[in-house]
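Everything below concerns the one structure shown next.
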Number of protein chains: 2
Amino acid sequence: MKAKTADDCCPPANDEPDLRPAEGREADEELATLAKALGHPARVQIVRLLVRKTACVCGDIVDELPLAQSTVSQHLKVLKEAGLIRGEVDGPRVCYCIEPRALRRLKVLVAGV
Amino acid sequence: MKAKTADDCCPPANDEPDLRPAEGREADEELATLAKALGHPARVQIVRLLVRKTACVCGDIVDELPLAQSTVSQHLKVLKEAGLIRGEVDGPRVCYCIEPRALRRLKVLVAGV
DNA sequence: CGCCTTCATCGTGTTATTACGATTAGTCGA
DNA sequence: TCGACTAATCGTAATAACACGATGAAGGCG
């Protein structure tokens, strides 16, 4: 069995520029989706946590938040569905990390408002 | 009676730097609040509209959106409560414009994630 | 094999969001 | 003063968000 490392789940900093437009109806919906995902303090905290640790943290995210495990799991799901984070199964635990592309996209969209 | 102009309601581009911290629990909540306000396509559209028109647009925002007047009014309220826009009564109509300070704050917070 | 750990999912209750039409409260012009 | 116009608010309904405990699935260890 191969040992899993951060590289197994954290994308290696894709530097390709994003060609999608920064405005228009589609950009509006994209921005709304991403902003909505960030629209809760717990999720902001989670994203920050995952950004800080350049390697990906696992479910000890739960220990960092004053919320029940199931609630944290739900927030992680919201972030994942918005494309902001990714979760990779690693044995009995799950390794989460940010999706740098999506975060960058969010920054571009917000900056472009 | 003095004639109202854009300057009556649109703040004149306050350039003072924002001294509040860009992270921490308070920043998280602030970011969450602002992001949540932007977390709907209609509100993204409204904000963009108000940014485009450097002068402030009035309730013809309603004409730009495929929504009922009452619904738009509600979205405006959400944005106002988040501090992102301001509304000044000008005769029988209301003049809305962005709060540049808040928008700048949002950009700083997002960029700082 | 059983057991423990880790995490997702389910079920539930509460509250918030979204949308609409109808109503109300101003302001202006005739 | 009387309408016309603008925009907020109310009432209502449907859906979504949030949080929790309980349950379930999947992997590793003794």
Side-chain angles (χ1 to χ4, degrees), chain A residues 1-6 8-9 28-29 31-47 49-50 56-82 84-97, chain B residues 1-6 8-9 28-29 31-47 49-50 56-82 84-97:
Chain A
M1 241 329 187
K2 55 185 181 301
K4 299 243 178 172
T5 70
D8 284 323
C9 108
D28 284 0
E29 293 203 2
L31 174 49
T33 300
L34 292 171
K36 189 173 188 176
L38 220 60
H40 192 288
R43 293 197 288 268
V44 172
Q45 232 178 312
I46 291 172
V47 169
L49 227 72
L50 294 179
C56 45
V57 195
C58 309
D60 28 35
I61 297 168
V62 174
D63 299 331
E64 297 284 335
L65 303 190
L67 293 171
Q69 178 264 322
S70 58
T71 306
V72 173
S73 195
Q74 211 170 314
H75 283 303
L76 288 167
K77 189 181 181 182
V78 171
L79 288 171
K80 194 156 56 176
E81 280 174 354
L84 273 171
I85 68 173
R86 131 185 345 195
E88 203 95 348
V89 176
D90 174 18
R93 49 191 84 208
V94 178
C95 179
Y96 282 101
C97 51
Chain B
M1 238 335 183
K2 55 186 182 300
K4 299 243 179 172
T5 69
D8 286 323
C9 108
D28 285 359
E29 292 202 2
L31 174 50
T33 300
L34 292 170
K36 190 173 188 176
L38 219 61
H40 192 288
R43 292 197 287 267
V44 172
Q45 232 178 310
I46 290 173
V47 168
L49 227 71
L50 293 179
C56 46
V57 196
C58 307
D60 28 36
I61 296 167
V62 174
D63 299 331
E64 297 284 336
L65 303 189
L67 294 170
Q69 178 263 322
S70 59
T71 307
V72 172
S73 195
Q74 213 169 316
H75 282 304
L76 288 168
K77 188 180 182 183
V78 171
L79 288 170
K80 195 156 55 175
E81 280 174 353
L84 273 171
I85 68 173
R86 129 183 349 194
E88 203 93 348
V89 175
D90 174 18
R93 50 191 82 208
V94 177
C95 180
Y96 282 101
C97 51

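Fair warning: this is a prediction, and the values are worked out from it, not measured in the lab. The analysis underlying the following values was restricted to heavy atoms, covering all of them including side chains, and did not include hydrogens, waters or symmetry mates. Every chain is numbered from 1 and lettered A, B, ... according to where its sequence line falls, protein lines coming before strand lines.
In this structure, NE2 of His75(A) is placed 14 Å from C1' of dA16(D), rounded to the nearest angstrom. Atom pair Glu88(A):CD and dA26(D):P shows a separation of 17 Å (rounding to whole Å applied). Atoms CD1 (Ile61(B)) and C1' (dA8(D)) sit 14 Å apart, rounded to a whole Å. If you take CD of Glu64(B) and P of dA7(D), they are 14 Å apart, rounded to a whole angstrom. Between Gln74(A) atom CD and dC18(D) atom P the separation is 8 Å, expressed in whole Å. Distance Gln69(A) CD to dG24(D) C1': 12 Å, rounded to the nearest Å. Between the P atom of dA7(D) and the CG atom of Leu76(B) lies a distance of 10 Å, rounded to the nearest Å.
Read 5' to 3', the first and last nucleotides of DNA chain C with an atom closer than 4.0 Å to a heavy atom of chain A are dT6(C) to dT9(C).
Listed pair Tyr96(B) / dA8(D) meets the phosphate criterion, a side-chain N or O lying under 4.0 Å from OP1 or OP2.
Taking CG of Leu65(A) as the reference point, atom CD of Gln45(A) lies at 5.0 Å (rounded to 0.5 Å). With rounding to the nearest 0.5 angstrom, the CG atom of Leu76(A) is 15.0 Å from the CZ atom of Arg86(A). The CZ atom of Arg43(A) sits 11.5 Å away from atom CG of Leu31(B), with the distance rounded to the nearest 0.5 Å.
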Notebook entry, point to check: Given the rule in the side chain to side chain contact (heavy atoms under 4.5 Å, CB included) test, do Leu67(B) and His75(B) qualify, once you have shown the distances and angles that lead to the verdict?
Noted result: CA-CA 10 Å; Leu67(B) 294 170; His75(B) 282 304; 4.0 Å; yes

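Residue-to-nucleotide proximity on DNA chain D shows that, of Ala42(A) and Pro92(A), the 5′-proximal contact is made by Ala42(A). Where Arg43(B) and Thr71(A) meet DNA chain C, the nucleotide closest to each residue was compared, and Thr71(A) sits on the side nearer the 5' end.
Listed candidates were dA19(D), dG27(D), dA7(D). Nearest to the side chain of Arg93(B) is dA7(D). The side chain of Ser70(B) sits closest to dT9(D) out of dC18(D), dT9(D), dA8(D).
Here the side chain of Ser73(B) pairs no donor or acceptor atom with the backbone of Gln69(B) at under 3.5 angstrom.
Of all the heavy atoms in Leu38(A) and Val47(A), the pair that sits closest is CD1-CG2, 3.8 Å.
When heavy atoms are screened at a 4.0 angstrom cut-off, Lys36(A) is found touching the sugar-phosphate backbone but no base atom.
With Leu79(B) as the fixed residue, the side chain to side chain contact (heavy atoms under 4.5 Å, CB included) test singles out one of Leu50(B), Leu34(B), Ile85(B): Ile85(B).
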